[in-house]
Amino acid sequence: MEIVEVGPRDGLQNEKRVLPTETKIAYVTRAVAAGLRRLEVAAFARPDRVPQMADAEDVLRGVPRPAGVRYIALVLNGRGLDRILALDPSVRPHEINYVVVATDEFARRNQGMDTMTSLEGFRAVASRAAAAGLGVTLTVAAAFGCPFTGEVKADRVREVVAGAGPMDELCLADTIGVGVPAQVVELAAAAREAAPGVPLRAHFHNTRNTGYANAITAAQLGFAALDASLGGIGGCPFAPAATGNIATEDLAYLLNRSGLATGVAVPEAAAIGEWIGQELGLDKVPAQLGRAGDFPGDLAR
């Protein structure tokens, strides 16, 4: 089961402390050493709105490039893609992740436009990115619920996905951590109906302590990838009370012991989660493995 490490992007973007570029590169380097092979490392967003991501180009220039490792960058519009394409091809990300919010109110607050207008932007950016050889993921944000308008129906998610056009991957995101497993089942069916054959990925937050239940449900439903962040840090700066992502080390423990091998070394991942928390000045990170230890390997501690 593939874990997509989103800590260097979604994890850091909601933290108050802006880390130096060198620390971000070290974060990615350690994550790769722990076995993570697909990582979202940057966001090409407005620096005045997301200052934590202002050094996106420098991060991509500095991260290691071992064989088999793929880097993802978030883009929200054509200007973000322009910045990526201005980079030397050797330091570009391998993929882009474009976010479209499922509800108009949240879309306006997050991107200054309604959902269908945002979808138009996605289609244009996806076409250009594909022509440049970049993989394309569409993330439907707030697919499980909106902080401003409440419940989001599966029919709405189906409508958004059906209007997206070609993509390499579809990610359903519980941006504010309100989802439950029954919704995962319902939205998976809706997404597969609207975009048959497109691999599914999921992005869960653990705001209401349902993130891991949602993740194992998605794995059992055949999702190809699950997002997580080392330490369980992060959230959405534009969504009230959107606390951290599910933690990479905790998710890897759950999946590995469920017979769904992730390739992630849990003790090493837990140590990185503790380290990044210290770098951010956090008293403790949300992840549990750094405190509890792996099983059975850490029983002697």
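Numbering starts at 1 and runs along the sequence shown.
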Asker: Does any N or O in the side chain of Arg208 come within less than 3.5 Å of the main-chain N or O of Gly177, such that one atom is a donor and the other an acceptor?
Answerer: yes
Asker: For Ser90 versus Asp88, what's the shortest heavy-atom pair and its separation?
Answerer: OG-OD1, 2.6 Å
Asker: side-chain contact (heavy atoms from CB on, under 4.5 Å) with Thr23: which residues, sequence neighbours excluded?
Answerer: Leu19, Pro20, Trp275, Glu279
Asker: Go through the structure and list residues passing ring pair (Phe, Tyr, Trp, His ring centres under 6.0 Å) with Phe204, not counting sequence neighbours.
Answerer: Phe144
Asker: Applying side-chain hydrogen bond (donor to acceptor under 3.5 Å, both in side chains), can you list everything that pairs with Arg158, at least two apart in sequence or on another chain?
Answerer: Asp155, Glu193
Asker: What side-chain donor-acceptor pairs closer than 3.5 Å can you find for residues 136-143, not counting sequence neighbours?
Answerer:
residue, atom, partner, partner atom, Å
Thr137, OG1, Glu169, OE1, 2.6
Thr139, OG1, Asn97, OD1, 2.7
Thr139, OG1, Asn97, ND2, 3.4

Asker: Has the side chain of His94 got a donor or acceptor atom that lies under 3.5 Å from a matching backbone atom of Tyr71?
Answerer: yes
Asker: Does Thr117 have any side-chain hydrogen bond (donor to acceptor under 3.5 Å, both in side chains) partners at least two apart in sequence or in another chain, and if so, which?
Answerer: Asp114
Asker: I'd like a table of donor-acceptor pairs (distance under 3.5 Å, sequence neighbours excluded) in which one partner is a side-chain atom from residues 220-232, with atom names and distances.
Answerer:
residue, atom, partner, partner atom, Å
Asp227, OD1, Arg201, NE, 2.7
Asp227, OD1, Arg201, NH2, 3.3
Asp227, OD2, Arg201, NH2, 3.4
Asp227, OD2, His203, ND1, 2.8
Ser229, OG, Ile233, N, 3.1
Ser229, OG, Ile233, O, 2.7

Asker: Judged by atom type as modelled, is there a donor-acceptor pair below 3.5 Å linking the side chain of Arg291 to the main-chain atoms of Val285?
Answerer: yes
Asker: If you link ILVMFWY side chains whenever their heavy atoms are less than 4.5 Å apart, which other residues fall into the same cluster as Val4? By chain and number, please.
Answerer: Val6, Ile72
Asker: Tell me whether Arg37 contacts the main-chain N or O of Ala67 through its side chain, where contact means a donor paired with an acceptor under 3.5 Å.
Answerer: no
Asker: Per the side chain to side chain donor-acceptor pair (under 3.5 Å) rule, what does the pair list look like for residues 259-268, sequence neighbours excluded?
Answerer: Asn256-Thr262
Asker: Quick one: CG on Asn206 to CD1 on Ile246, what's the gap to the nearest 0.5 Å?
Answerer: 7.5 Å
Asker: Quick one: does any side-chain atom of Arg38 pair with a main-chain N or O of Glu2 as donor and acceptor, under 3.5 Å?
Answerer: no
Asker: Using side-chain hydrogen bond (donor to acceptor under 3.5 Å, both in side chains) as the criterion, list what pairs up with Arg46, not counting sequence neighbours.
Answerer: Asp48
Asker: Decide side chain to side chain contact (heavy atoms under 4.5 Å, CB included) for Phe122 and Met167; before the verdict, give the C-alpha distance in whole Å, the side-chain angles of both, and the deciding distance to 0.1 Å.
Answerer: CA-CA 10 Å; Phe122 168 73; Met167 67 188 95; 4.1 Å; yes
Asker: Enumerate, atom names and distances included, each donor-acceptor pair closer than 3.5 Å involving a side-chain atom of residues 50-61, sequence neighbours excluded.
Answerer:
residue, atom, partner, partner atom, Å
Gln52, NE2, Gln13, O, 3.2
Gln52, NE2, Glu15, O, 2.8
Asp55, OD1, Lys24, NZ, 2.6
Asp55, OD2, Thr21, OG1, 2.5
Asp55, OD2, Lys24, NZ, 3.3
Glu57, OE1, Arg83, NH2, 3.0
Glu57, OE2, Arg83, NE, 2.9
Glu57, OE2, Arg83, NH2, 3.3
Asp58, OD1, Arg61, NH1, 2.9

Asker: With no hydrogens and no angle check, is any side-chain donor or acceptor of Arg9 less than 3.5 Å from a backbone partner on Ala42?
Answerer: no
Asker: Regarding Thr248 and Glu5, is there a side-chain donor-to-acceptor distance under 3.5 Å anywhere?
Answerer: yes
Asker: Who passes ring pair (Phe, Tyr, Trp, His ring centres under 6.0 Å) against Phe44, sequence neighbours left out?
Answerer: none
Asker: Before accepting this row, confirm whether a basic side-chain N of the pair Arg128/Asp82 lies closer than 4.0 Å to the acidic partner's carboxylate O.
Answerer: yes
Asker: Please list, chain by chain and in numerical order, all residues satisfying side-chain hydrogen bond (donor to acceptor under 3.5 Å, both in side chains) with Arg79, sequence neighbours excluded.
Answerer: none
